[in-house]
Amino acid sequence: MAEKSFRRLLFEVAKASHPRASPLRPTPVSAVTFTPSANLAELKPSATIAVSARARALRAAGRDVIDLGAGEPDFDTPEFIRRAAQKAIDSGATKYTATEGILPLRQAIAAYTNASRAPHIAEVTADEVVVSNGSKQSLYNACVALFGPGDEVLVPTPSWTSYYEMVMLARAKAIPVYAKAECQFKVSPADLLKQATAKTRGVMLNSPCNPTGAVYTRDEMRALFTLCAEKGWWVLSDEIYVRIAYDGVATRSLEVAPDRERVVVIDGVAKAYAMTGWRIGWTVSSKPLAQLMAAFQSHTTSNPSSISQHAALAALGNPAEADTSINAMVKEFHARRDAALAVLAQDPSIRVIRPDGAFYLYIEAPNASTSDDAGGAFCNHLIDQHNVAVVPGSAFLTPGWVRLSYAAAMPLVVEGVKRLVTAHRECRS
Ligand code: PLP
């Protein structure tokens, strides 16, 4: 009897919220509408992740799609790192760790950072390091800790899609600073100054850059860091691709900045060590800022995976072995870049940014000067007619372009770029 009245009650509640519902046929969750909170009302899903998901779905449906959208190395995590993770599991390293990461890893990160630091920069210590679930979380921690309502953050554009969203999630305003394609889309101090206001509080810097592959020279980096130090702006220096450079070594912030008072270095193991899925990134900042970010992280995710931390410790703690793997991977990326550029060079009307690092080619879409979303239209044509997935430039606030990732096997890269050249010709009007 009691059960009967409870079911009746359920029915009435369901009926009131959804007229066609019955207690035996509950309202499908997809039919329930809701209004997102003001926190997420403006959020755009990650376009880069969406492209890969679409490529995967088409492949699952039997289409032979070449995915040149993904931003992850197609190499396996080196064996010595995988072994370290297995050892960590077997030795019981499976409990919560300190939120900011295990001390040996933070010490290894401090040592790794100090190895390229200029002598005038204060030595980095382990208590200035916070280890997070990928450099994405590190960047987000820093944005939330440093920026807020009323603040403006300069974002050299095109930039990685998540910077704009993270600044917005911190309730600050991302100000795109458009650079010229002729300068590989690299910004100068003058470009930053043009967009600066009294509200400017920070700059997002990324060299080598996603999506362009451009690498700032030592002098260019020095000029930018000098300006930011003079202005008292924070620099969030995203150095996730710093080990993947083709023309010598890419410059890091702590080699050229006048000091590191307002510099947050963001780095991680995802790209250089082929460890995207392990989710280990970190910030190097000051002790008070590190403590604040760790406190924030303690309420959101706590520590990153204990096992992944041990794997990252092996990666940083064995530089000779790691260098062998990284050098082999970078050599292969270099060869693919050259092969892709050679195919593109067969059609001189295709404009491309020549990348010096990372593993992306930024290519101007056909009809870029006459269409509002030439990149999006070109991406659709490419996947629909030629089974090649690339990312529309609208994700990086430059809708006339597309990003092609050459983190795929050489034959796929060459075939994919050949099809892109054909598609480009087809679409030009
Ligand atoms: N920063 C840039 C510029 C990236 O391209 C990416 C990933 O694509 C990240 C950060 C995030 O890397 P992680 O896997 O360490 O979170």
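Note: hydrogens, waters and symmetry copies are ignored here, and every other heavy atom, side chains too, is used. Numbering of residues begins at 1 and proceeds along the displayed sequence. Whatever order the structure lists them in is the order used to number ligands and atoms, beginning at 1.
- When atom types are taken as modelled, the side chain of Asp90 and the backbone of Gly92 share no donor-acceptor pair closer than 3.5 angstrom.
- Each of the atoms 3 (C) of ligand 1 lies under 4.0 Å from some heavy atom of Tyr163.
- Numbered from 1 in the order shown, with element, the atoms of ligand 1 that lie under 4.0 Å from a heavy atom of Asn210 read 3 (C), 4 (C), 5 (O).
- Remark: minimum distance from atom 12 (O) of ligand 1 to any protein heavy atom is reached at Ser135 OG, 3.1 Å.
- Between Phe185 and Tyr178, the distance from one ring center to the other does not fall under 6.0 angstrom.
- Going from atom CD1 of Ile240 over to atom SG of Cys209 covers 13.5 Å, rounded to the nearest 0.5 Å.
- Near Ala270, the atoms of ligand 1 lying under 4.0 angstrom from a non-hydrogen atom of the residue are 14 (O), 15 (O).
- Between Gln195 and Pro176 the shortest side-chain heavy-atom distance does not fall below 4.5 Å.
- Per-residue contacts place Gly134 under 4.0 angstrom from the following atoms of ligand 1 (heavy atoms of the residue considered): 15 (O), 16 (O).
- Shown in contact with Asn206 at under 4.0 Å from a heavy atom are these atoms of ligand 1, numbered in order with element: 3 (C).
- When heavy-atom distances to ligand 1 are checked against a 4.0 Å cut-off, Tyr140 has no atom that comes that close, whether in backbone or side chain.
- In this structure a side-chain-to-backbone donor-acceptor pair under 3.5 Å is missing from Ser394 to Pro399.
- Of the candidates Lys287, Arg260, Arg106, Arg260 is the only one forming a salt bridge (Lys or Arg N to Asp or Glu O under 4.0 Å) with Glu128.
- Within a 6.0 Å sphere centred on CZ of Arg222, other residues, nucleotides and ligands contribute more than 12 heavy atoms.
- Some N or O of Tyr241 is nearer than 3.5 Å to an N or O of ligand 1, by distance alone.
- Phe359 has its ring centre no less than 6.0 Å from the ring centre of Tyr406.
- Of the heavy atoms in Lys271, only side-chain atoms (C-beta onward) come closer than 4.0 Å to ligand 1.
- For atom 14 (O) of ligand 1, the nearest protein heavy atom (residue, atom name, distance) is Arg279 NH1, 2.7 Å.
- Interface of Asp238 with ligand 1, defined as ligand atoms under 4.0 Å from a residue heavy atom, comprises 1 (N), 2 (C), 3 (C), 10 (C).
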